**Q** 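Here it is: the structure, laid out below.
Note on naming: letters A, B, ... go to the chains in the order of the sequence lines (proteins, then strands), and numbering restarts at 1 for each one. Everything numeric in this text was worked out from a predicted model, so none of it was measured.
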Number of protein chains: 2
Amino acid sequence: MTTADEALGPSARLLRLFEGNRLTPTQRRIAHTLVQHAADSPFLSSVEVAELAGVSQPSVTRFAVALGYDGYPDLRKQLRDLGLSESAPGGPAESPGDALRNEQQRAVLAEIDNLRRLAELLADPEPVVRAARLLAASRPLPVLGLRAAAAQARGFAYFAGKVHPDVRLLDEGGSMLADRIEQAAAAGASALMCFALPRYPRELMDALAVARDCGLCVVTVADSAFAPVSRMSDLLIPAAVGSSLVFDTACAPMMLGRVLLQAMCDELPDAEGRLECFEQTAAARGLFLD
Amino acid sequence: MTTADEALGPSARLLRLFEGNRLTPTQRRIAHTLVQHAADSPFLSSVEVAELAGVSQPSVTRFAVALGYDGYPDLRKQLRDLGLSESAPGGPAESPGDALRNEQQRAVLAEIDNLRRLAELLADPEPVVRAARLLAASRPLPVLGLRAAAAQARGFAYFAGKVHPDVRLLDEGGSMLADRIEQAAAAGASALMCFALPRYPRELMDALAVARDCGLCVVTVADSAFAPVSRMSDLLIPAAVGSSLVFDTACAPMMLGRVLLQAMCDELPDAEGRLECFEQTAAARGLFLD
DNA sequence: GCCCCGCTGAATGACGTCATGCACAGTCAG
DNA sequence: CTGACTGTGCATGACGTCATTCAGCGGGGC
């Protein structure tokens with residue numbers, strides 16, 4: 001069952017289950033039959049096994065308990081978990097070798113690694129909670145993301161708006177951007193949510209400078225803790241982007257954004273109520289198909 | 001089912017079983033559930049499937065007969081013969097520590113499973129290539145995504161614009177939406193890229209109806225092959241969304257979007273030139289920090 | 001507004017599966 | 001030869017699984 005066993009064939013692994021036990025002749029026949037039909041064994045009922053082995057059904061049950069299982073179904077569960085079912089006898093190589101995979105599959109797998117790192121990072125919930133507290137407390141809550149990151153900001157803002165009373169999406173650059181940041185600050189904003197992905201637009205830095213001048217606390221999701229935006233951020237949480245394809249993939253940043261939203265819900269006392277309220281009006285207006 | 005399918009992943013093969021059948025919403029949920037639990041599916045009883053899918057047991061039986069099987073056991077036999085049972089590379093078998101993880105980490109891990117399924121699906125590059133060909137050939141190229149999916153559409157459109165000469169982002173509903181679709185068709189568009197995520201807005205369906213009336217070929221990225229938009233789509237590629245958190249996570253759809261873009265680059269002869277050109281002007285304008 | 005039809009879930013009954021009790025055969029010791 | 005013991009199959013009852021029936025519900029057509 002250890003990794004060493006992985007190399008063994010199905011029937012070999014099956015044998016290990018049985019060896020070392022004193023078995024009656026009938027039980028040996030059953031064991032033999034199971035090994036012969038290793039591929040099918042996880043699907044067979046006790047009567048089917050009995051027929052194949054030429055023994056009675058109770059003998060099969062007794063065989064299972066003799067091996068220490070709670071009963072025949074318990075033994076069969078073990079067979080299932082063994083993952084026999086021998087994939088293709090000639091089985092060339094469905095090995096996890098990356099070489100077999102095409103470029104796109106490799107890109108997806110690379111992105112999985114990014115998510116895995118994010119999961120590790122989340123083992124410590126403290127930064128997320130702190131960020132969520134800051135964001136939840138801000139009225140209004142400006143959400144900033146330019147160019148490639150605009151999509152992230154938009155997604156975040158869309159959902160944030162369902163639980164936060166005043167979300168302002170800032171997803172376009174230009175001279176109006178600074179205006180809008182100042183307006184948000186004037187309206188009472190205390191924090192700003194920023195998505196910063198490569199390639200970092202210069203105007204994003206300018207916008208963050210304005211935000212800090214206005215006294216806003218900048219919470220940033222960036223693809224690296226060492227991104228140039230780090231010195232413009234009060235709190236930065238990293239989430240790597242994938243660059244295996246022509247264009248960057250930002251699964252981890254999106255995921256982190258949702259995690260932040262989740263944490264914000266815990267901080268916003270009326271979040272649940274707002275969600276329910278939205279559900280009602282949505283149903284009333286026939287917004288969704290469902 | 002043929003030997004060609006051998007290379008496909010379990011869930012991909014499972015999908016082939018179901019596609020092409022008109023299914024009721026409940027039956028789609030069942031199909032969706034079976035795909036999600038592809039590895040366990042050959043072992044599940046009808047009641048277990050029903051519980052996982054959140055439907056009644058008779059609905060599972062009806063689902064089986066609707067697909068042409070003699071009953072649920074007959075369908076399950078088919079699942080067994082398909083030889084799913086995950087020889088999964090990384091295998092979801094890394095779950096024993098799930099209890100130790102916090103809610104957010106579990107959500108990330110669940111999303112990883114979604115990406116893994118996407119990787120499986122990409123073992124067969126044909127649908128992606130076909131979609132990319134359709135999209136690359138369309139001038140202009142309308143990109144549709146409403147509400148939650150608007151962020152996806154925006155991200156796709158942003159990058160698509162770097163290699164395609166005329167991308168039109170349609171990320172807002174309302175009566176103008178139909179106008180814009182018709183205008184795109186009148187301008188020569190032959191295809192439309194659509195992101196359809198739960199909860200499916202009604203106006204998205206209306207928009208797709210307009211698009212088809214205009215003769216546009218609809219390429220859809222949806223969270224399930226059984227999404228309601230499937231019948232409004234000429235080509236649908238599924239990418240699951242995560243629903244472990246308060247708000248859905250759409251890593252796999254985003255990833256699929258980038259994969260489509262990558263494939264489009266191969267179809268657009270001048271893609272490389274456009275990218276280089278953009279780099280030059282970006283450098284000249286000092287757009288990015290780099 | 002009404003009816004019809006398709007979809008769905010609760011209840012029901014037939015069937016299969018499994019574990020236990022019991023009887024019988026074989027074996028060995030006294 | 002007898003008694004005890006082990007191993008086995010048969011019979012039985014509890015339980016789970018599955019297909020059918022029926023009633024309720026909601027949407028589309030007249």
Side-chain angles (χ1 to χ4, degrees), chain A residues 18 21-34 37 40-80 279-280 282-290, chain B residues 18 21-34 37 40-80 199-203 205-206 209 224 226-228 230-232:
Chain A
F18 305 146
N21 291 70
R22 294 260 167 82
L23 297 179
T24 70
T26 303
Q27 289 171 339
R28 269 194 297 273
R29 287 185 67 180
I30 297 173
H32 190 233
T33 303
L34 284 180
H37 299 78
D40 307 327
S41 63
F43 305 106
L44 298 174
S45 71
S46 69
V47 288
E48 288 170 318
V49 173
E51 285 171 4
L52 285 172
V55 301
S56 71
Q57 175 266 322
S59 293
V60 178
T61 292
R62 282 190 281 261
F63 170 75
V65 300
L67 263 57
Y69 297 97
D70 281 343
Y72 176 75
D74 193 26
L75 165 62
R76 186 172 48 191
K77 176 186 289 289
Q78 186 65 238
L79 296 179
R80 290 175 183 177
E279 285 305 315
Q280 286 180 0
R285 289 186 295 169
L287 241 183
F288 301 114
L289 290 175
D290 290 346
Chain B
F18 303 146
N21 292 69
R22 282 195 317 183
L23 299 176
T24 70
T26 300
Q27 290 171 338
R28 272 194 297 270
R29 288 185 69 178
I30 297 172
H32 195 235
T33 302
L34 283 179
H37 299 79
D40 307 326
S41 62
F43 304 108
L44 298 175
S45 71
S46 68
V47 286
E48 288 171 316
V49 173
E51 283 172 4
L52 285 173
V55 303
S56 69
Q57 176 267 324
S59 293
V60 178
T61 293
R62 280 190 285 260
F63 170 74
V65 300
L67 262 57
Y69 296 98
D70 281 343
Y72 177 75
D74 193 26
L75 165 63
R76 186 173 48 193
K77 176 184 288 288
Q78 186 65 235
L79 297 178
R80 290 174 183 176
R199 332 241 310 254
Y200 312 101
R202 192 174 298 277
E203 55 185 349
M205 299 295 286
D206 300 340
S224 155
F226 316 105
S230 64
R231 58 191 177 84
M232 306 298 294

**Q** Quick one: pull up CD1 in I30(B) and CZ in R62(B) and give me the separation to the nearest 0.5 Å.
**A**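 The CZ atom of R62(B) is 8.5 Å from CD1 of I30(B), to the nearest 0.5 Å.
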
**Q** Could you tell me whether the side chain of S45(B) reaches within less than 4.5 Å of the side chain of R76(B), counting heavy atoms only?
**A**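 Yes, at least one pair of side-chain atoms sits under 4.5 Å.
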
**Q** With the side chain counted from C-beta on, respond yes when V55(B) and F63(B) share a heavy-atom pair under 4.5 Å apart, and no when they do not.
**A**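 With C-beta onward as the side chain, the pair stays apart.
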
**Q** Could you check whether V55(A) gets within reach of a base, just the sugar-phosphate, or nothing at all, counting any heavy atom under 4.0 Å?
**A**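 Sugar-phosphate: the residue V55(A), judged by heavy atoms under 4.0 Å, touches backbone atoms but no base.
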
**Q** Base, sugar-phosphate, or nothing: which does R76(B) touch, judged by heavy atoms less than 4.0 Å apart?
**A**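 Sugar-phosphate, backbone atoms only, no base.
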
**Q** Check the distance between dG7(D)'s P and R28(A)'s CZ and give it to me in whole angstrom.
**A**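 In whole Å, dG7(D) P lies 11 Å from R28(A) CZ.
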
**Q** Rounded off to whole Å, could you give me the CG-to-P distance for the L67(B) and dA19(D) pair?
**A**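 To the nearest whole Å, that distance equals 14 Å.
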
**Q** Rounding to an integer number of Å, can you tell me how far Q27(B) CD sits from dG6(C) P?
**A**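 Q27(B) atom CD is separated from dG6(C) atom P by 14 Å.
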
**Q** Please state how far atom CD1 in I30(B) lies from atom C1' in dG9(C), giving the value in whole angstrom units.
**A**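 Result: 12 Å.
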
**Q** Round to a whole Å and report the spacing from CD of Q57(A) to C1' of dA14(D).
**A**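 Rounding to the nearest Å, CD of Q57(A) and C1' of dA14(D) are 13 Å apart.
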
**Q** To the nearest 0.5 Å, tell me how far D40(B) CG sits from L52(B) CG.
**A**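 So the gap between those two atoms works out to 8.5 Å.
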
**Q** Rounded to the nearest angstrom, tell me the gap between atom CG in L75(A) and atom P in dC18(C).
**A**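 That distance rounds to 11 Å.
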
**Q** Just N and O in the side chain of R62(A): are any of them under 4.0 Å from OP1 or OP2 of dT20(C)?
**A**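 Result: no.
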
**Q** On the nucleotide dA19(C), are OP1 or OP2 found under 4.0 Å from the side-chain N or O atoms that T61(A) carries?
**A**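 Indeed, a polar side-chain atom of T61(A) lies that close.
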
**Q** Can you see if the side chain of S46(B) gets near the phosphate of dC18(D) - specifically, an N or O under 4.0 Å from OP1 or OP2?
**A**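 Checking dC18(D) against S46(B), a side-chain N or O does come within under 4.0 Å of OP1 or OP2.
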
**Q** I need the T61(B) OG1 to D74(B) CG distance, nearest 0.5 Å.
**A**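 Reported value, rounded in 0.5 Å steps: 12.0 Å.
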
**Q** May I have the distance from Y72(B) (atom OH) to dG16(D) (atom C1'), rounded to whole angstrom?
**A**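 Value for this atom pair: 14 Å.
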
**Q** Using a cut-off of less than 4.0 Å, is there contact between a side-chain N or O of S45(B) and OP1 or OP2 of dG16(D)?
**A**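 S45(B) to dG16(D) OP1/OP2: no side-chain N or O under 4.0 Å.
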
**Q** Taking only side-chain N and O atoms of T26(A), does any of them lie within less than 4.0 angstrom of OP1 or OP2 on dT8(D)?
**A**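 True: T26(A) side-chain N/O within range (under 4.0 Å) of dT8(D) OP1/OP2.
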
**Q** Closer to the 5' end of DNA chain C via nearest nucleotide, is it V47(A) or V65(A)?
**A**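 It is V47(A), whose closest nucleotide lies nearer the 5' terminus.
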
**Q** Could you tell me the separation between the OH atom of Y69(A) and the P atom of dA19(C), rounded to a whole number of Å?
**A**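 It works out to 14 Å between those atoms.
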
